[in-house]
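Everything numeric in this text was worked out from a predicted model, so none of it was measured. Residue numbers start from 1 in every chain, and the chains themselves are labelled A, B, ... in the order their sequence lines are given, proteins ahead of strands.
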Protein chains: 2
Amino acid sequence: MDLKPTESELEILQVIWKKGQCSVRDVHEELAKNKEAGYTTTLKLMQIMHEKGLVERNTDAKSHLYKALITREQAQQGALDKIISTVFKGSTSDLVIQALGQHRASKDEIDAIKDYLKQFDK
Amino acid sequence: MDLKPTESELEILQVIWKKGQCSVRDVHEELAKNKEAGYTTTLKLMQIMHEKGLVERNTDAKSHLYKALITREQAQQGALDKIISTVFKGSTSDLVIQALGQHRASKDEIDAIKDYLKQFDK
DNA sequence: TTTGATATACGAAAACTATCGTAGATATTT
DNA sequence: AAATATCTACGATAGTTTTCGTATATCAAA
C-alpha cells in the first residue's frame with residue numbers, strides 16, 4: 001500500500017476522519033464551505049482513493065458510504081517524516097522548537113507538552 | 001510570491017542552504033550522491049526556480065551562481081503551517097507530541113526542548 | 001408512468017511537475 | 001587554431017494530479 005495521500009486526498013480524509021463515515025455528498029458539501037469545486041471532482045477523487053486503498057466503501061445503498069483505511073495518526077507520521085527529512089535536516093528538536101516558536105501555543109498546550117516530557121525523566 | 005517549493009525544489013534548496021552559494025554543478029554533484037538524475041534536469045529545475053523567484057543568480061561568469069531567496073526557516077514554517085492545518089486539526093501541541101513520540105528524540109534534543117520551554121515560565 | 005433530482009462510472013482535458021536530448025555559446029587543453 | 005570539455009537555453013516528452021462533462025442508473029414525487 002502506498003499510504004501517501006496527495007494534497008486533495010488529505011482534504012477529503014480530513015472530512016472523513018471528522019465525520020467517521022461519509023457519502024460523496026457529505027464530503028463535497030464540507031469542502032464547498034472553503035473551496036470552489038465540482039461535485040464530480042470530489043466523486044472522482046474518492047473513487048481513486050478507493051482504488052488506491054486509502055478508503056473502503058459500502059455500496060449497498062444508492063449513495064455509497066466511505067470510511068478511511070488510513071488513520072489520522074498514520075498520515076500525521078508520514079507528513080512529519082517527510083518534512084523532518086526535507087526541511088529540518090533530520091532534527092526533531094528543530095521542528096519542535098520552530099513549531100512552538102511561531103505558532104504561539106497556549107498555556108494549556110505548553111503544559112501538555114511539559115507533562116509529556118516528564119516521562120523522559122528517570 | 002508563491003513561496004511553496006515542490007519536492008524536487010526542496011532537495012535543491014537543501015544543498016544551497018548548506019553551501020550558501022552554488023553552481024548548477026555543485027548542486028547536481030551533491031544530489032547525485034543519493035539519487036540518479038541527469039545534469040540538465042537539475043539545470044532546468046534551477047532555471048524554473050529562478051523564474052519563480054525562489055533563487056537569484058549571478059550570471060557574470062560562464063557558470064552561474066545561485067543563492068536562495070527563501071530561507072530555510074521560511075520553508076520550515078510553510079511546511080509546518082501546511083501539515084498542522086491538514087493533518088493536525090490546527091493543534092501545535094498534537095504535532096509536537098506526535099513528533100516526540102515517534103521520532104525517538106535523543107536526550108540532548110529533549111533537553112534542548114525543555115530549555116526552550118523554560119522561557120514560558122514566569 | 002413520466003418527470004426531475006441525485007447517484008455512479010468513466011473518459012478526457014487541463015494543470016503541474018520532472019526528465020531528458022539537442023543546439024549553440026564559452027572556456028580549456030593540446 | 002582545432003579539438004575537447006563544460007556551460008546555458010529551451011523544446012519536447014512523460015508522469016502525476018486535478019478538474020470536469022457526459023452517459024447512464026436509481027429513486028422519489030407529481
Do any side-chain nitrogens or oxygens of B:Gln47 fall under 4.0 Å of OP1 or OP2 in D:dA9?
yes

B:Leu10 CG to C:dT17 P: how many Å, rounded?
12 Å

Residue-phosphate contact under 4.0 Å: A:Arg25 side-chain N/O, C:dA7 OP1/OP2
yes

What is the distance from atom CD of B:Gln76 to atom CG of B:Asp81, rounded to the nearest 0.5 Å?
11.5 Å

Send over the distance from A:Asp26 CG to C:dT6 C1', rounded to a whole Å.
14 Å

Rounded to whole Å, how long is the line connecting atom CE of A:Met46 with atom P of C:dA9?
12 Å

Distance, rounded to the nearest Å, where B:His50 contributes NE2 and D:dC7 contributes P
19 Å

Can you name the one residue among A:Met46, A:Gln47, A:Met49, A:Lys67 that meets side chain to side chain contact (heavy atoms under 4.5 Å, CB included) with A:Arg57?
A:Gln47

Nearest whole angstrom, please: distance from the C1' of C:dG11 to the CD of A:Glu51.
13 Å

Smallest separation among heavy atoms of A:Leu31 and A:Glu11, with atom names:
CD2-O, 3.9 Å

If only side-chain N and O atoms count, and only distance matters, is there a donor-acceptor pair under 3.5 Å linking A:Gln77 with B:Gln98?
yes

Atom-pair distance (CG on B:Leu31; P on C:dT19), nearest Å
10 Å

Separation of C:dA7 atom C1' from A:Glu29 atom CD, nearest Å, is 14 Å

With a 4.5 Å heavy-atom cut-off, do B:Lys114 and A:Lys114 have their side chains touching?
no

Report for the helix from C:dT1-D:dA30 to C:dT30-D:dA1: angle between first-end and last-end helix axes, five pairs each, rounded to 10 degrees.
10°

Quick one: what's the B/S/- string for nucleotides 18-28 of chain D, heavy-atom cutoff under 4.0 Å, read 5' to 3'?
BBBBB---BS-

Starting at atom CE of B:Met49, determine the distance to atom P of C:dC16, rounded to an integer number of angstrom.
18 Å

Any side-chain heavy atom of A:Val87 sitting closer than 4.5 Å to one from B:Leu80?
no

For D:dA9, does either OP1 or OP2 sit under 4.0 Å from a side-chain N or O belonging to B:Arg57?
yes

Is any side-chain heavy atom of B:Leu10 closer than 4.5 Å to a side-chain heavy atom of B:Trp17?
yes

Minimum heavy-atom separation for B:Val55 to B:Ala68, with atom names?
CG1-CA, 4.1 Å

Could you tell me which non-hydrogen atom of A:Ser91 sits nearest to which non-hydrogen atom of A:Ile84, and how far apart they are?
N-CG2, 4.0 Å

